[in-house]
Amino acid sequence: MEGVSAEQNEIYLELAPENLSRALKTAQNAKAVKIKLTNRHCPCLTVAVELPSLSSTSRIVTHDIPVSVIPRRLWNDFKEPTVPTFDVSIYLPTIKTMKSVVERMKNLSNLIVIEANRNGEINLKIETDLVSVSTHFKDLGNPPWVSDDASQSSTQERDTDVMSEATVDIKKLLQFLAGQQVNPNKAICNIVHKRMVHFIFLHDDVSLQYFIPAIA
C-alpha cells in the first residue's frame, strides 16, 4: 500500500460497517481473502474471497464496498484522543452482567453515576426524586499502570477507599455496552473525577477505546 507520501503513508477511509460485515461473512471458510482499494463507479474497498472448491478451478466471490476517502485536511479529526490523567483505573465486571444492570436502570433515569476506587470496587447508581438505586461490584482489581508522568503517579498515592465518580448519559453507556458482541480479554474503566469516563477493551489483536464526557 502506498499513502499520500513517504512521511504520511496512510489512507483514511469511511464506510458503512454493515457492508464490510456482510462481505466478510462469506469469508468464514475462505482459503484466502484479498482487500484492495479500487475505483469502480466510485472509490471502493474490494474484498475478493477465494472459497474452497472440489474442482481445480477457484471459486472467487468479489464484494465492492463503497467508501469515502477522507481528505488530508480532515485527518486531525480522526486522531486518537489523548488520555487525560485519571483518578481511578479499575477492571470492569463481565460486560453481559453490567449491560443487564444498566438496561434495568435506564427505565428509571436518564443519568447514571459510575464511581470506583483503588480497592477494586465499582458502583453504578441512579438517583431521582422518587428512587435511589445502586449496584455494587467488588474484588475487581486495579490495573498496575506504569507511568513516568509525575501527575499520573499521584493516582497511586490516593487513599485506596476514596471513590472517584462521573455522571454520564445512561443511553450513551448502554450504546457502548450493547455494541460489544465479543467479550474482551480485559475491560478497563478509567475515571477522571466529575469530568469523563474512559473505557478500554483489550482483545487478542485489537483494542477499543470509548470516551464518555461527564454531565455536570
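Quantities reported herein were computed from a predicted structural model and do not represent experimental measurements. Count residues from 1 along the sequence.
- With contacts defined as side-chain heavy-atom distances shorter than 4.5 Å, the pair L140/P93 qualifies.
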Ignoring hydrogens and angles, write down the donor-acceptor pairs under 3.5 Å from the side chains of residues 60-67, residues two or more places apart or on other chains.
| residue | atom | partner | partner atom | Å |
| --- | --- | --- | --- | --- |
| H63 | NE2 | T26 | OG1 | 3.1 |
| D64 | OD1 | R40 | NE | 3.4 |
| D64 | OD1 | T46 | OG1 | 2.8 |
| D64 | OD2 | R40 | NE | 3.4 |

| said: L37 vs L13, test: side chain to side chain contact (heavy atoms under 4.5 Å, CB included). Steps then yes/no. | reply: CA-CA 10 Å; L37 184 61; L13 304 175; 4.1 Å; yes
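- Between the CD1 atom in I188 and the CD atom in Q209 there is a gap of 10.0 Å [rounded to 0.5 Å].
- For D77, there are no side-chain hydrogen bond (donor to acceptor under 3.5 Å, both in side chains) partners at least two apart in sequence or on another chain.
- Taking all atoms of both residues into account, the shortest heavy-atom contact from E10 to W75 is O-CH2, 3.5 Å.
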| task | Please report the C-alpha distance between D169 and I212 in whole Å, then the side-chain angles of each, then the deciding distance to 0.1 Å, and finally whether the side chain to side chain contact (heavy atoms under 4.5 Å, CB included) criterion is met. | result | CA-CA 8 Å; D169 185 328; I212 304 181; 5.6 Å; no
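- Side-chain contact check for E127 versus V113: every heavy-atom pair is 4.5 Å or farther apart.
- Here N117 contributes atom CG and S164 contributes atom OG; the two are 8.5 Å apart, rounded to the nearest 0.5 Å.
- Taking CD1 of I200 as the reference point, atom OG of S89 lies at 6.5 Å (rounded to 0.5 Å).
- Taking both residues in full, the closest heavy atoms of F86 and V192 are given as CA-CG2, 3.9 Å, listed atom of the first, atom of the second, then distance.
- In this pair, F199 and F176 present their aromatic rings parallel. The plane angle is below 30°, not in the 30 to 60° band.
- Closest approach of N142 and R118 over heavy atoms only: OD1-O, 3.1 Å.
- Around the CZ atom of R104, the shell of radius 6.0 Å holds no more than 12 heavy atoms that belong to other residues, nucleotides or ligands.
- L92 CG to F137 CZ: the interatomic distance, rounded to the nearest 0.5 Å, is 9.5 Å.
- Here the side chains of K106 and K171 are not in contact, with every heavy-atom distance at 4.5 Å or above.
- If you take CG on L111 and NZ on K172, they are separated by 11.0 Å, rounding to the nearest 0.5 Å.
- Among all heavy-atom pairs drawn from A27 and V33, the shortest one is CB-CG2, 3.7 Å.
- For the pair I122 and A116, the tightest heavy-atom approach, listed with the atom from each and the gap, is CG1-CB, 4.0 Å.
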| message | E115 vs L124, test: side chain to side chain contact (heavy atoms under 4.5 Å, CB included). Steps then yes/no. | response | CA-CA 7 Å; E115 65 175 14; L124 304 177; over 6 Å; no
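- Aromatic ring pairs are classed by plane angle as parallel below 30°, tilted from 30° to 60° and perpendicular above 60°; the pair H198 and F211 is parallel.
- In this structure, CD in E165 is found 12.0 Å from CD1 in I112, a value given to the nearest 0.5 Å.
- Under the 3.5 Å distance criterion, with hydrogens and angles disregarded, a donor-acceptor pair is assigned to the side chains of T94 and T97.
- No side-chain heavy atom of S207 sits less than 4.5 Å from a side-chain heavy atom of F201.
- No path of Ile, Leu, Val, Met, Phe, Trp and Tyr side chains, each step under 4.5 Å between heavy atoms, connects M105 with L130, placing them in separate hydrophobic clusters.
- The side-chain heavy atoms of L177 and V102, taken from C-beta on, include a pair separated by under 4.5 Å.
- Using a 4.5 Å heavy-atom cutoff, the side chains of V168 and I215 are not in contact.
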| request: Tell me, with the steps shown, if M163 and E121 meet side chain to side chain contact (heavy atoms under 4.5 Å, CB included). | output: CA-CA 9 Å; M163 288 285 183; E121 299 170 333; 4.1 Å; yes
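- In this view, E50 and K31 satisfy the salt bridge (Lys or Arg N to Asp or Glu O under 4.0 Å) rule, not counting sequence neighbours.
- Counting only heavy atoms from C-beta outward, the side chains of T135 and N123 never approach each other to under 4.5 Å.
- The shortest side-chain heavy-atom distance between C189 and V197 falls under the 4.5 Å cut-off.
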